[in-house]
Undergrad: 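Dropping the structure in here first, questions after.
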2 protein chains.
Amino acid sequence: MPSTSDTHALTMLVRKLESIAILSDEERQAILNLPAKTRVLQPGQDIVHDGDKPSQCCLILKGWACRYKIIGEGKRQILSFHIAGDVPDLQSLHIHTMDHSLATLTEATVAFIPHDNLRELIAQHPGIAAAFWRDTLVDAAIFREWLIGMGRRSAYEHMAHLFCELYLKLQAVGLAGSYCCPLPITQVDLADALGLTNVHVNRVLKQMREQSLITLRGHTLVIEAWDELSQVSEFDPTYLHLEKRAAA
Amino acid sequence: MPSTSDTHALTMLVRKLESIAILSDEERQAILNLPAKTRVLQPGQDIVHDGDKPSQCCLILKGWACRYKIIGEGKRQILSFHIAGDVPDLQSLHIHTMDHSLATLTEATVAFIPHDNLRELIAQHPGIAAAFWRDTLVDAAIFREWLIGMGRRSAYEHMAHLFCELYLKLQAVGLAGSYCCPLPITQVDLADALGLTNVHVNRVLKQMREQSLITLRGHTLVIEAWDELSQVSEFDPTYLHLEKRAAA
DNA sequence: CGAGAACTTGACCATCGTCAATTTACGTGG
DNA sequence: CCACGTAAATTGACGATGGTCAAGTTCTCG
């Protein structure tokens with residue numbers, strides 16, 4: 001039987017899935033009955049490593065994480081950012097060998113849920129399976145948009161686009177204020193996500209500040225001019241597929 | 001009742017899913033009973049367009065297709081290549097608005113299967129649902145690898161990596177010979193996939209030929225030195241997740 | 001054989017990377 | 001509260017990868 005704190009953890013998963021699909025009372029209860037082990041991790045700590053064959057999934061409750069891969073002599077590419085409610089290694093349910101790593105970017109609270117229980121859950125609740133599937137599809141849509149940014153946008157446009165994306169994602173889960181949101185990552189992290197160097201990220205940030213598009217105080221991003229920011233990056237939020245969707 | 005040619009089309013889907021999961025006789029039959037409308041398309045023709053809300057999925061039977069998106073003043077980013085057996089818009093089952101387009105690159109034969117029938121199929125056969133889900137997850141894994149190529153590899157390494165990937169994907173479905181495979185696309189297509197210009201693609205190809213890594217005659221890619229090609233691009237096929245996998 | 005598409009090449013240029021030196025911010029212990 | 005040490009941010013000078021523009025050349029196919 002889950003402890004109080006575990007139930008709290010699973011409430012986060014219920015909330016996430018309800019942003020994707022409509023859950024029945026029974027489905028909601030089935031999720032809350034999942035076993036989960038909660039842990040607090042230090043910043044920069046690996047959760048799952050490239051090549052692992054995990055037997056559990058990780059639900060982020062607090063803080064930020066990222067998927068990344070190291071190639072060559074230590075070059076890192078960040079593949080995605082993850083925040084509270086995300087299950088960044090959901091794919092490990094169906095793809096047994098990790099082809100990248102997952103790590104915290106900040107101090108983070110995460111809950112681990114065994115694959116066996118998740119498999120049982122989706123076997124008995126096709127609506128939940130569909131919601132999970134949809135979640136991984138939105139994930140893929142974000143990868144596609146990052147590909148476009150890397151391939152066909154300038155550093156300036158690409159970064160503006162990322163800021164728009166992060167702001168909307170945080171807003172969707174209630175973690176953003178009015179045109180401002182936490183951005184608890186370093187310029188090196190930003191560079192590794194955008195496929196740039198930290199030096200160039202710094203230069204682009206300077207430019208964006210000079211043009212009064214954003215300010216970045218401490219670890220808070222303030223969007224001073226949303227319209228301009230989304231316009232220079234041709235930001236179209238369609239790919240985030242944020243609209244709520246009934247279970248199949 | 002499906003016509004003879006439609007049954008032939010669906011055999012392709014059975015074969016594809018059997019490369020992902022083990023199907024029961026019943027599941028195999030259920031797939032073969034799907035209705036499918038087959039059409040032959042000209043090269044460069046759109047199958048589904050950015051913004052559409054399709055009510056059917058597209059199974060490629062012959063030829064090549066790609067997913068792409070146009071941004072700015074006509075800049076195109078190709079997001080993925082697709083060959084016989086692929087269902088490149090499977091995500092439209094769960095994500096209703098297309099956030100990119102799908103088009104043929106060559107003359108192609110494709111079959112269309114209504115969403116309703118696919119939904120019924122997966123509702124009644126969870127094993128097939130799992131196989132489809134897994135397929136979209138491998139798709140996402142390939143996006144991630146392309147992201148790494150764009151962000152952290154040189155043009156030369158990136159292109160070498162793509163050639164390794166395409167060769168293995170074609171080999172997996174029996175469409176490649178011994179270190180040679182069809183590559184029926186233009187240098188402009190290659191450039192739009194790699195995030196480069198056609199001019200630079202041409203220069204990199206010249207370099208690869210000079211170093212006797214590949215030759216590209218007509219629309220056939222010959223890999224003259226697999227070991228070197230995979231080594232310079234640090235190619236690790238794990239992310240293609242080609243090993244066969246039992247249905248859940 | 002002719003026309004258009006695809007490919008190839010050269011000259012020049014811009015974005016972004018590299019290297020290295022400061023400066024600033026921040027957490028810890030005194 | 002201040003001093004100190006380390007990580008993060010910032011800046012400048014210079015260089016390289018890849019883009020732009022433009023002019024051929026070769027292929028393909030009717």
Side-chain angles (χ1 to χ4, degrees), chain A residues 42-45 64 71-78 104-107 149-162 182-210 214-221 232-233, chain B residues 42-45 64 71-78 104-107 149-162 182-210 214-221 232-233:
Chain A
Q42 289 313 109
Q45 202 171 332
W64 281 42
I71 70 161
E73 295 303 319
K75 281 179 288 184
R76 178 177 68 156
Q77 177 65 49
I78 288 181
T104 58
L105 288 167
T106 66
E107 182 180 291
M150 298 265 225
R152 290 294 181 237
R153 285 194 245 265
S154 69
Y156 190 92
E157 294 162 353
H158 190 188
M159 193 182 298
H161 199 276
L162 179 61
L183 191 72
I185 62 175
T186 67
Q187 292 182 8
V188 170
D189 296 329
L190 257 183
D192 287 348
L194 295 167
L196 301 170
T197 59
N198 57 338
V199 176
H200 199 64
V201 161
N202 187 277
R203 286 194 275 246
V204 172
L205 280 173
K206 185 182 177 186
Q207 241 188 303
M208 288 177 99
R209 269 188 304 246
E210 281 168 1
I214 60 151
T215 54
L216 205 47
R217 309 187 324 283
H219 281 155
T220 300
L221 169 69
V232 300
S233 60
Chain B
Q42 288 314 108
Q45 201 172 334
W64 282 41
I71 69 162
E73 295 303 320
K75 281 180 287 185
R76 178 176 69 155
Q77 177 64 50
I78 288 181
T104 58
L105 288 166
T106 66
E107 182 180 291
M150 298 266 224
R152 291 295 181 235
R153 284 194 245 266
S154 69
Y156 190 91
E157 294 162 353
H158 191 188
M159 193 183 296
H161 199 277
L162 179 61
L183 190 72
I185 61 176
T186 66
Q187 292 183 8
V188 171
D189 296 330
L190 257 183
D192 286 348
L194 295 168
L196 301 169
T197 58
N198 59 337
V199 175
H200 199 65
V201 161
N202 187 277
R203 288 194 273 244
V204 173
L205 280 172
K206 185 182 176 186
Q207 243 188 300
M208 289 177 99
R209 268 188 303 248
E210 281 168 359
I214 60 151
T215 53
L216 205 45
R217 310 185 325 280
H219 280 155
T220 300
L221 169 69
V232 300
S233 60

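In what follows, every chain begins at residue 1, and chains take the letters A, B, ... in the order their sequences are listed.
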Undergrad: A/L190 has an atom CG; how far is it from atom C1' of D/dA8, in whole Å?
TA: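 For the pair A/L190 CG and D/dA8 C1', the rounded distance is 13 Å.
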
Undergrad: B/E157 and B/S233: which non-hydrogen atoms are nearest, and at how many Å?
TA: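 The pair with the smallest heavy-atom distance is O-CB, 3.3 Å.
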
Undergrad: Taking any atom under 4.0 angstrom from a heavy atom of chain B, which nucleotides of DNA chain C are the first and last to qualify, 5' to 3'?
TA: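 That gives a stretch of C/dA6 to C/dA11.
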
Undergrad: Between A/D192 (CG) and D/dA9 (P), how many Å, whole number?
TA: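 Value for this atom pair: 12 Å.
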
Undergrad: Shorter than 3.5 Å, N or O on both sides, protein versus nucleotides 18-20 of chain D: list them out with atom names.
TA:
unit_1, atom_1, unit_2, atom_2, d
D/dG18, OP1, B/A155, N, 2.8
D/dG19, OP2, B/T197, N, 3.4
D/dG19, OP2, B/T197, OG1, 3.2
D/dG19, N7, B/R203, NH2, 3.1
D/dG19, O6, B/R203, NH2, 3.3
D/dT20, O4, B/R203, NH2, 3.4

Undergrad: Which pairs, with at least one residue in residues 185-197 of chain A and sequence neighbours excluded, count as a side-chain hydrogen bond (donor to acceptor under 3.5 Å, both in side chains)?
TA: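 Counting only pairs at least two positions apart or across chains, the side-chain hydrogen bond (donor to acceptor under 3.5 Å, both in side chains) contacts touching residues 185-197 of chain A are A/R76-A/D189, A/R76-A/D192, A/T186-A/D189, A/Q187-A/N202, A/D192-B/R152.
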
Undergrad: Describe, as an angle rounded to 10 degrees, how the axis at the first end of the helix from C/dC1-D/dG30 to C/dG30-D/dC1 is tilted relative to the axis at the last end, five pairs per end.
TA: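 Between the axes fitted at each end of the helix from C/dC1-D/dG30 to C/dG30-D/dC1 lies an angle of 50°.
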
Undergrad: Is there a side-chain polar atom (N or O) of A/N202 under 4.0 Å from OP1 or OP2 of D/dA9?
TA: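 For D/dA9, neither OP1 nor OP2 has a side-chain N or O of A/N202 closer than 4.0 Å.
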
Undergrad: Could you work out, with side chain to side chain contact (heavy atoms under 4.5 Å, CB included) as the rule, every residue matching B/P182, not counting sequence neighbours?
TA: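 With sequence neighbours excluded, B/P182 shows a side chain to side chain contact (heavy atoms under 4.5 Å, CB included) to B/L170, B/P184, given in chain and number order.
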
Undergrad: To the nearest 0.5 Å, tell me how far A/R153 CZ sits from A/L194 CG.
TA: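 If we round to the nearest 0.5 Å, A/R153:CZ and A/L194:CG are 11.5 Å apart.
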
Undergrad: Does the side chain to side chain contact (heavy atoms under 4.5 Å, CB included) test come out yes or no for A/L205 and A/M159, once each step is laid out?
TA: CA-CA 9 Å; A/L205 280 173; A/M159 193 182 298; 3.7 Å; yes

Undergrad: Output all residues satisfying side chain to side chain contact (heavy atoms under 4.5 Å, CB included) with A/A193, sequence neighbours left out; order by chain, then residue number.
TA: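 A/A193 satisfies side chain to side chain contact (heavy atoms under 4.5 Å, CB included) with A/I78, A/F81, A/W146 only.
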
Undergrad: Could you tell me whether B/R217 contacts a base, only the sugar-phosphate backbone, or nothing, with contacts defined as non-hydrogen atoms closer than 4.0 Å?
TA: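 The residue B/R217 makes no contact with any strand.
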
Undergrad: What residues, two or more places apart in sequence or in another chain, satisfy side chain to side chain donor-acceptor pair (under 3.5 Å) together with B/R203?
TA: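 Result, side chain to side chain donor-acceptor pair (under 3.5 Å) vs B/R203: none returned.
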
Undergrad: Residues two or more places apart in sequence or in another chain: which of them pass side chain to side chain contact (heavy atoms under 4.5 Å, CB included) with A/Q207?
TA: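 Counting only residues at least two positions away or on another chain, A/Q207 forms a side chain to side chain contact (heavy atoms under 4.5 Å, CB included) with A/Y156.
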
Undergrad: In chain order, what residues pass the side chain to side chain contact (heavy atoms under 4.5 Å, CB included) check against B/Q42, with sequence neighbours excluded?
TA: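 B/Q42 satisfies side chain to side chain contact (heavy atoms under 4.5 Å, CB included) with B/Q45, B/E107 once adjacent residues are dropped.
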
Undergrad: With B/T215, which residues qualify under side chain to side chain donor-acceptor pair (under 3.5 Å), at least two apart?
TA: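 B/T215 satisfies side chain to side chain donor-acceptor pair (under 3.5 Å) with B/E224 only.
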
Undergrad: Walk me through whether A/I71 and A/Q77 qualify under side chain to side chain contact (heavy atoms under 4.5 Å, CB included).
TA: CA-CA 8 Å; A/I71 70 161; A/Q77 177 65 49; over 6 Å; no

Undergrad: I'd like to compare against my own output: the B/S/- annotation of nucleotides 24-29 of chain D with a strict under-4.0 Å heavy-atom distance to protein.
TA: ------

Undergrad: Could you tell me which non-hydrogen atom of A/L221 sits nearest to which non-hydrogen atom of A/L216, and how far apart they are?
TA: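 So the minimum-distance heavy-atom pair works out to CA-CD1, 3.7 Å.
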
Undergrad: Drop me the distance from B/I214's CD1 to B/L183's CG, to the nearest 0.5 angstrom.
TA: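 Rounded to the nearest 0.5 Å, the CD1-CG separation comes out at 8.5 Å.
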
